[in-house]
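Quick notes on the structure that follows.
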Amino acid sequence: MANVVKSQWVPVQSGELLGYVLNLHAGNFQVPKRKVDAFHHVLRDDIAHKFVPPARTVARFTGLQVSMGLALGPAVRLCT
(Lines give C-alpha, C1' and ligand atoms only; values in the text may rest on other atoms or scores of the structure.)
Protein backbone atom coordinates (compact mmCIF):
# COMPACT_ATOMS: atom_id res chain seq x y z
CA MET A 1 0.00 0.00 0.00
CA ALA A 2 1.30 3.46 -0.91
CA ASN A 3 2.21 5.94 1.79
CA VAL A 4 -0.27 8.79 1.25
CA VAL A 5 1.84 11.32 3.20
CA LYS A 6 5.08 10.72 1.26
CA SER A 7 3.54 10.09 -2.16
CA GLN A 8 3.04 12.77 -4.79
CA TRP A 9 0.29 11.91 -7.23
CA VAL A 10 0.48 15.00 -9.45
CA PRO A 11 3.42 15.18 -11.89
CA VAL A 12 5.81 18.09 -11.24
CA GLN A 13 9.00 19.33 -12.88
CA SER A 14 10.75 20.35 -9.68
CA GLY A 15 11.00 18.58 -6.36
CA GLU A 16 13.29 17.31 -3.63
CA LEU A 17 14.73 13.81 -3.85
CA LEU A 18 17.57 12.24 -1.85
CA GLY A 19 18.66 15.55 -0.37
CA TYR A 20 18.76 17.52 -3.63
CA VAL A 21 16.32 19.78 -5.40
CA LEU A 22 15.83 18.36 -8.89
CA ASN A 23 14.73 20.84 -11.52
CA LEU A 24 13.80 18.75 -14.55
CA HIS A 25 12.76 21.80 -16.58
CA ALA A 26 16.24 23.40 -16.30
CA GLY A 27 18.00 20.03 -16.05
CA ASN A 28 20.04 20.70 -12.92
CA PHE A 29 20.56 19.67 -9.30
CA GLN A 30 20.49 22.23 -6.50
CA VAL A 31 21.41 22.06 -2.84
CA PRO A 32 18.45 22.77 -0.52
CA LYS A 33 18.59 25.98 1.51
CA ARG A 34 18.72 24.07 4.82
CA LYS A 35 22.00 22.39 3.77
CA VAL A 36 23.49 25.71 2.70
CA ASP A 37 22.47 27.27 6.03
CA ALA A 38 24.06 24.37 7.94
CA PHE A 39 27.24 24.80 5.90
CA HIS A 40 27.36 28.52 6.73
CA HIS A 41 26.79 27.76 10.42
CA VAL A 42 29.72 25.32 10.53
CA LEU A 43 31.90 27.79 8.62
CA ARG A 44 31.06 30.54 11.15
CA ASP A 45 32.00 28.17 13.99
CA ASP A 46 35.30 27.49 12.23
CA ILE A 47 36.02 31.20 11.96
CA ALA A 48 35.05 31.71 15.62
CA HIS A 49 37.69 29.13 16.62
CA LYS A 50 40.27 31.15 14.63
CA PHE A 51 40.55 28.37 12.02
CA VAL A 52 41.73 25.83 14.62
CA PRO A 53 38.44 23.99 15.17
CA PRO A 54 37.88 20.73 17.04
CA ALA A 55 38.04 17.50 15.01
CA ARG A 56 34.28 17.07 15.21
CA THR A 57 33.71 20.43 13.48
CA VAL A 58 36.19 19.51 10.74
CA ALA A 59 34.42 16.18 10.20
CA ARG A 60 31.03 17.90 10.04
CA PHE A 61 32.35 20.47 7.57
CA THR A 62 33.81 17.74 5.35
CA GLY A 63 30.62 15.69 5.54
CA LEU A 64 28.51 18.65 4.47
CA GLN A 65 30.79 19.27 1.50
CA VAL A 66 30.61 15.64 0.42
CA SER A 67 26.82 15.57 0.81
CA MET A 68 26.60 18.48 -1.65
CA GLY A 69 29.04 16.86 -4.09
CA LEU A 70 26.51 16.01 -6.81
CA ALA A 71 25.45 19.64 -7.15
CA LEU A 72 28.90 21.20 -6.65
CA GLY A 73 30.83 18.83 -8.89
CA PRO A 74 34.07 16.84 -8.67
CA ALA A 75 36.04 19.74 -7.17
CA VAL A 76 34.48 18.87 -3.79
CA ARG A 77 36.23 15.49 -3.75
CA LEU A 78 39.54 17.15 -4.50
CA CYS A 79 39.11 19.74 -1.74
CA THR A 80 38.09 17.24 0.93
State, with a plain yes or no, whether a side-chain heavy atom of [X] is found less than 4.5 Å away from one of [Y].
X     : Y     : value
Ser14 : Val21 : yes
His41 : Asp37 : no
Phe61 : Asp46 : no

State the [atom1]-[atom2] distance between [X] and [Y], to the nearest 0.5 angstrom.
X     : Y     : atom1 : atom2 : result
Leu43 : Arg60 : CG    : CZ    : 11.5 Å
Gln30 : Tyr20 : CD    : OH    : 12.5 Å
Gln13 : Asn23 : CD    : CG    : 8.0 Å
Leu64 : Phe39 : CG    : CZ    : 7.0 Å

Item checked: Closest approach of Gly19 to Pro32 (non-hydrogen atoms, all atoms of both residues) ->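 That would be O-CD, 3.2 Å.
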Note to self: Using every non-hydrogen atom in the two residues, find where Leu17 and Leu22 come nearest and quote the distance to one decimal.
What the structure shows: CB-CD1, 3.3 Å
Notebook entry, point to check: Is the backbone N or O of Pro53 less than 3.5 Å from a side-chain atom of Thr57, with the two atoms forming a donor-acceptor pair by type?
Noted result: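 No, the answer is negative, given that no donor and acceptor are paired below the 3.5 Å cut-off.
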Check: Within a reach of under 6.0 Å around CG of Leu18, are more than 12 heavy atoms found that belong to other residues, nucleotides or ligands?
Finding: no
Check: Are Val42 and Val31 linked, directly or through other ILVMFWY residues, by side chains that come within less than 4.5 angstrom of each other?
Finding: yes
